[in-house]
Amino acid sequence: MPKVLIISHTPLTTYESMGKTFSTLFASFSRDEICQLYIYPTVPNVDKCSSYFRITDKDVLRSYYKFKVNGEEVKPDTSQSQMFEQSEDEQLYRNPKNKKSTVMLARDLMWKCSRWYTKELRSWLDKQKPDCIFAAPGTAMFFYDIVMKVSRERNIPVISYLCDEYYFVEETGTFWRRKRLKLLKKKIEQYMGPTALVITICD
């Protein structure tokens with residue numbers, strides 16, 4: 001059986017909506033058929049993947065003074081029931097200011113200028129040997145870059161899971177909101193070109 005690399009914001013869990021969705025979608029898969037790369041400071045509580053690898057915003061931000069993105073393999077903790085591993089992360093990630101277009105653009109730039117594709121991540125991918133990528137993108141442009149980078153480097157196809165509307169959005173509001181939406185649409189067009197298959201939740 002082919003092995004699927006899930007690239008997402010959150011890992012497989014029983015306590016978060018997208019994590020529960022992934023757990024349901026891949027319910028019939030064995031552990032050896034799935035691995036996951038994700039970016040939220042969360043710990044999976046489902047021992048469903050052969051391995052989990054996490055790179056967070058903090059890892060990327062710290063790399064600007066530590067000169068290295070310290071992503072890591074994460075072991076599932078079946079006793080975990082909270083979205084965030086550390087309480088201070090919840091305040092940071094749930095801050096309403098994060099939805100400002102300028103903050104979202106700054107986050108995209110932070111990832112774009114970092115060296116997140118580390119030797120450790122490449123070694124992990126070599127060990128996992130995925131045959132395809134199952135990705136659930138959103139509003140973050142850097143996420144599309146992550147998927148496209150791994151797809152190119154591994155020469156494996158992308159399957160996109162789309163459950164929200166981010167493309168057919170009216171470009172209104174402030175200058176920075178219009179600018180970000182325009183850039184996001186271009187990024188989605190770039191990303192969807194080589195995508196092999198799209199799975200949606202409605203017409």
Side-chain angles (χ1 to χ4, degrees), residues 5-13 15-19 22 35-47 49-128 130 133-154 166 176 179-180 183-184 187 190-191:
L5 167 63
I6 302 173
I7 302 182
S8 59
H9 291 265
T10 56
L12 275 70
T13 64
Y15 54 80
E16 188 271 331
S17 57
M18 189 58 77
F22 289 137
C35 56
Q36 186 171 30
L37 169 63
Y38 69 98
I39 60 174
Y40 254 53
T42 307
V43 174
N45 70 340
V46 178
D47 191 13
C49 294
S50 60
S51 182
Y52 298 87
F53 197 95
R54 181 180 68 185
I55 305 173
T56 67
D57 291 296
K58 281 186 175 180
D59 294 328
V60 172
L61 182 59
R62 287 169 180 154
S63 73
Y64 284 93
Y65 59 88
K66 289 190 174 182
F67 307 105
K68 184 180 180 181
V69 176
N70 290 315
E72 61 181 347
E73 191 170 357
V74 178
K75 300 296 183 183
D77 179 0
T78 55
S79 66
Q80 180 74 14
S81 60
Q82 302 295 323
M83 175 68 176
F84 298 96
E85 185 178 14
Q86 300 177 7
S87 58
E88 59 265 27
D89 287 331
E90 182 170 7
Q91 294 179 343
L92 177 65
Y93 276 78
R94 296 193 189 280
N95 190 330
K97 293 181 180 180
N98 292 339
K99 296 187 181 296
K100 287 187 174 182
S101 297
T102 49
V103 174
M104 296 174 75
L105 285 167
R107 185 188 185 204
D108 286 322
L109 184 62
M110 179 184 75
W111 276 82
K112 188 175 184 63
C113 295
S114 72
R115 297 181 178 180
W116 59 266
Y117 197 67
T118 61
K119 178 178 70 175
E120 289 77 13
L121 176 56
R122 293 196 299 271
S123 176
W124 180 80
L125 290 168
D126 287 341
K127 182 179 178 180
Q128 296 303 313
I133 296 170
F134 184 89
T139 58
M141 285 183 281
F142 72 86
F143 186 90
Y144 296 86
D145 290 329
I146 291 174
V147 177
M148 289 189 289
K149 173 73 173 179
V150 176
S151 173
R152 285 195 305 267
E153 292 292 320
R154 308 295 304 185
Y166 300 115
W176 289 112
K179 180 69 172 178
R180 192 192 68 79
L183 291 171
L184 178 59
K187 183 65 67 176
Q190 180 186 2
Y191 167 84

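Computed from a predicted model, the values in this text were never measured in an experiment.
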Smallest separation among heavy atoms of F67 and Y64, with atom names | CE2-O, 4.3 Å
Results of side chain to side chain donor-acceptor pair (under 3.5 Å) for R54 - residues two or more places apart only = E72, E85
Would you say [X]'s side chain and [Y]'s backbone share a donor-acceptor pair under 3.5 angstrom?
X	Y	value
S114	W111	yes
T42	M83	yes
N98	V103	no

Applying ring-ring contact (aromatic ring centres under 6.0 Å, His included) to F134 and not counting sequence neighbours gives F26, Y161
With a 3.5 Å cut-off and no angle check, do the side chains of D57 and Y93 form a donor-acceptor pair?
-> yes
Decide yes or no for Q128 and S50: does some side-chain heavy atom of the first lie under 4.5 Å from some side-chain heavy atom of the second?
-> yes
Going through the distances and angles, do D59 and K68 end up as a salt bridge (Lys or Arg N to Asp or Glu O under 4.0 Å)?
-> CA-CA 8 Å; D59 294 328; K68 184 180 180 181; over 6 Å; no
Between I55 and the options T118, V60, N70, the side chain to side chain contact (heavy atoms under 4.5 Å, CB included) test singles out V60
Of the options V43, L37, L12, which is the one that meets Y52 in a side chain to side chain contact (heavy atoms under 4.5 Å, CB included)?
-> L12
Aromatic ring pairing F53/W124, orientation class (parallel under 30°, perpendicular over 60°, tilted between) = tilted
Check step by step if side chain to side chain contact (heavy atoms under 4.5 Å, CB included) holds for S8 and Q36.
-> CA-CA 8 Å; S8 59; Q36 186 171 30; 2.8 Å; yes
The ring-ring contact (aromatic ring centres under 6.0 Å, His included) partner of Y191 among Y144, Y166, F143 is Y144
Take D89 and K58, measure what salt bridge (Lys or Arg N to Asp or Glu O under 4.0 Å) needs, and give me the verdict at the end.
-> CA-CA 10 Å; D89 287 331; K58 281 186 175 180; 2.7 Å; yes
V69/E120 under side chain to side chain contact (heavy atoms under 4.5 Å, CB included): CA gap, chis, key distance, verdict | CA-CA 10 Å; V69 176; E120 289 77 13; over 6 Å; no
Should we say atom NZ of K112 is surrounded by more than 12 heavy atoms from elsewhere, each under 6.0 Å from it?
-> no
V46 and F22: CA distance, side-chain angles, deciding distance, side chain to side chain contact (heavy atoms under 4.5 Å, CB included) verdict | CA-CA 11 Å; V46 178; F22 289 137; over 6 Å; no
